[in-house]
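Quantities reported herein were computed from a predicted structural model and do not represent experimental measurements. Whatever order the structure lists ligands and atoms in, that order sets their numbers, starting from 1.
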Amino acid sequence: MLLGVNIDHVATLREARYSLLPQSANAEPSPLEAAYDAMEGGADSITIHVRGDRRHMQDRDAYEIADKCPLPLNLEMGVTTEMLELALKVRPEFVCLVPETREEVTTEGGLDVAGRLDEVTACVARLQQEEIKVSLFIDPDLPQIEAASKTGAEMVELHTGCFANAQGDMIESEVSRLIEASKAAHAAGIQVNAGHGINYTNVYRLFTVPHLAELNIGHTIVARAMRVGFREAVVEMREAVNGYPD
Ligand code: PXP
C-alpha cells in the first residue's frame with residue numbers, strides 16, 4: 001500500500017502568521033522541508049491542494065516542491081481553467097480533481113463526476129495529454145464510479161470522510177460501502193486510492209477494503225508531528241499502513 005502524505009497544514013500554519021509577508025525570511029514552517037521529512041519517514045508521494053482562495057498552499061510552493069522534492073507530487077485541484085493552467089505549468093506526476101467551495105473548512109463530499117461529466121472528461125484528457133495521471137476524488141457510490149470510468153481517469157480516490165465521522169454501527173456500514181465501491185472501481189480497471197479523515201486509530205478498519213493501492217493522509221500526521229516531529233509521524237503511519245494485507 002502506498003502512502004501519500006498531504007502537507008497542506010504545514011502551509012496553514014505558515015499562512016496563519018505570514019500570509020501578508022510572503023517574502024519574509026522568517027516565514028515558517030516550510031512545506032518543502034516537511035516534504036523532505038515525509039520522504040525520509042517513508043512517504044511514497046507528497047500531496048498538496050492549491051485552493052482557489054490560496055488559504056494554505058501557494059503557487060510558489062507547488063513549483064518549489066515539484067522542482068526540489070524527489071518524490072512524485074500529487075496536486076489536488078478544483079476543475080477550473082485557472083487550476084488547469086497551473087497544473088500544466090507545475091507538471092506534477094498526478095492530479096487529483098476535487099470539488100471546492102469557498103465556505104468549506106476542508107473538502108466536503110466528493111466531486112460530482114456524474115453531474116459534470118463533460119467538464120471533468122475534458123479536464124482529464126487535457127492533463128493526460130501532458131502525461132499527468134489523473135485521479136478523481138469521489139464519494140464511494142456506484143453512479144460516480146461508472147461516471148469516473150467514462151472520463152478515462154486512471155484512478156479514483158474514495159472519499160473516506162463519512163467512514164471517519166461514523167459512530168457505532170454506522171462504521172461497518174460505511175466500510176461496506178467502501179468495499180462495494182472499491183470492487184466496482186477495480187472491476188472497471190481503475191486504480192483505487194482512498195483518503196480524508198484517516199487517522200492512526202481508524203486506519204486499521206480500512207484493511208478489509210480490497211484493492212486499495214494508496215491512502216492519502218494529512219491532518220492527523222501534521223497533528224502527530226507536533227509531538228514527535230514530522231519524520232517520526234510519517235514513520236508511524238508508514239508502519240500502520242504496512243499492515244494492509246497484500
Ligand atoms: N484526499 C483529499 C482529496 C483531500 O482533499 C484531503 C484533505 O485535503 C485528504 C485526502 C487528506 O485528508 P486529511 O487531511 O483528513 O487526512
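Here is the list of ligand 1 atoms found below 4.0 Å of a heavy atom in Gly197: 12 (O), 13 (P), 15 (O), 16 (O). Proximity to Gly218 (heavy-atom distance under 4.0 Å) selects the following atoms of ligand 1: 13 (P), 14 (O), 16 (O). Heavy-atom proximity to Val98, at under 4.0 Å, picks out these atoms of ligand 1: 3 (C). For ligand 1, the atoms sitting less than 4.0 Å from at least one non-hydrogen atom of Ile217 are 16 (O), numbered in the order shown with element in parentheses.
Of the candidates Leu158, Asn216, Thr220, Asn199, the one placing a heavy atom closest to atom 11 (C) of ligand 1 is Asn216.
Polar contact with ligand 1: present for Glu76 (N/O pair, distance under 3.5 Å). For His219, a nitrogen or oxygen atom sits less than 3.5 Å from a nitrogen or oxygen atom of ligand 1, counting backbone and side chain alike.
A heavy-atom distance below 4.5 Å is found between the side chains of His56 and Arg51.
One finds a salt bridge joining Lys68 and Glu64 here, because a Lys/Arg side-chain nitrogen approaches an Asp/Glu carboxylate oxygen to under 4.0 Å.
Residue pairs satisfying the side chain to side chain donor-acceptor pair (under 3.5 Å) criterion with at least one member in residues 168-177, sequence neighbours excluded, are listed as follows: Asp141-Arg177, Glu172-Arg205, Glu174-Arg177.
Remark: the Glu214 side chain and the Gln191 side chain contain no N/O donor-acceptor pair separated by less than 3.5 Å. A donor-acceptor contact closer than 3.5 angstrom is absent between the side chains of Asn6 and Thr47.
Neither the backbone nor the side chain of His9 comes within contact range of ligand 1; no heavy atom lies under 4.0 Å.
Proximity of a side-chain donor or acceptor of Gln144 to a complementary backbone N or O of Ala114 within less than 3.5 Å is detected.
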